[in-house]
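Since the model is a prediction, treat every value here as computed from it, not as a measurement. Both ligands and their constituent atoms are indexed starting at 1 by order of listing. Atom set for the values below is all heavy atoms of this structure, side chains included, hydrogens, waters and symmetry mates excluded.
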Amino acid sequence: MASAAFRLTYPLDRLKPGFHRHRFTARGVGFEAFIWRGLQPGPVLLVNGATHGDEYEGPTLLRQWAETWRPTNLRGTVILVPVLNEGAFLAGARCDPADGRNLAREFPGRANGSVTQRLAHLFDTQLLAQATHYADLHSAGHAYELLPWSGYITRPDAGDRVQRAMAACFDSFWCWAGPFLPGRTLSAAYDRGIPAIYVECQGKGGVETEDLRALERGLNALLRQVGNLPVPRAGLKLRRQRLRITKDTEEAHLQVHHPAPHAGLFVPTAMLGAWVKRGQGIGRVQRLDTTQSTIVRATSTGRVVMHRRQRSVLAGDALYTLAPV
Ligand SMILES: [Zn+2]
């Protein structure tokens, strides 16, 4: 469990109603937060982008909201952190090159650890600790492309239902829920008993307009679902979301599937969204120093929900993720 005794440097419940900006810093790491305080008490919703530095959909939407969103009927508190991992973001990389560590594997972090560990600790103790609901906006990043989904870590308690309802707000996407994996922002939220979801957008190095629209629609619904904004009298009108709940810890662990057998040029043959059978050839990796190549075969039957777009690969780079959806 996280240390509840950690001193808050910026207690949200002492903030005046209105719009605030605050930079959270400690031991050489930091991030910017935009904070809206309502006149009425209510939930504390925390949303961030760029846990990974090469994922731009979340930062784009949240930065836009910071500039333009001025609600008059807000309850509770909304905190948006467009770019959590500034070191990685400014390097245009998934991880901060200062230590090469993956922020989504370092939670709850360490006060005296490396930069990425310190950042995880700062976010966990100063913001996550104050949240009642949490959403982490991801995407496939610059090297990958995926079929957008929202998801959460399944819980044995009532929080599971809350998370399911939160994920369902992103109704342009399908939903993928799975068991606990350590080190994630969501695992830190899980340990703190905070209902939490993540969202994955297309990625491929940019921001698709349809993803931004879907995220915006989702965030608007989420604010109503958790209680920061009033629900319209007719209720929240959401499209029915396709749901996949797995008990397999490896299924939604994206970086382990179909690793490149060696370095080389990747030639995919199965496209995003395609349904493939176990054992089917779905691509190959061509060696640079010979005319040989190695066929990549599907390790299960399912739909291609993520694939690598960057054609240069190193041994072990994930090439495909399949899901039975
Ligand atoms: Zn990510």
K.L.:
Counting backbone and side chain alike, does E200 bring an N/O/S atom below 2.8 Å of the Zn ion (ligand 1)?
P.N.:
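So E200 does not bind the Zn ion (ligand 1) by this criterion.
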K.L.:
Could you check whether D317 pairs with R308 (Lys NZ or Arg NE/NH1/NH2 to Asp/Glu carboxylate O, under 4.0 Å)?
P.N.:
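Answer for the salt bridge query: yes.
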K.L.:
Among the N/O/S atoms of H138, which is closest to the Zn ion (ligand 1)? Give the atom name.
P.N.:
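Nearest N/O/S atom of H138: ND1.
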K.L.:
Is R23 salt-bridged to E86, going by a charged N under 4.0 Å from an acidic O?
P.N.:
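A salt bridge links R23 with E86.
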K.L.:
With a 6.0 Å cut-off (strictly less than), is the heavy-atom count around CD of E216, excluding the residue itself, greater than 12?
P.N.:
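More than 12 heavy atoms, drawn from other residues, nucleotides or ligands, come within 6.0 Å of this atom.
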K.L.:
Evaluate T51 against D136 for side-chain hydrogen bond (donor to acceptor under 3.5 Å, both in side chains), listing each step before the verdict.
P.N.:
CA-CA 8 Å; T51 295; D136 187 359; 2.9 Å; yes
K.L.:
Please give the atom name: the N, O or S atom of H52 nearest to the Zn ion (ligand 1).
P.N.:
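In H52, the N, O or S atom with the shortest distance to the Zn ion (ligand 1) is ND1.
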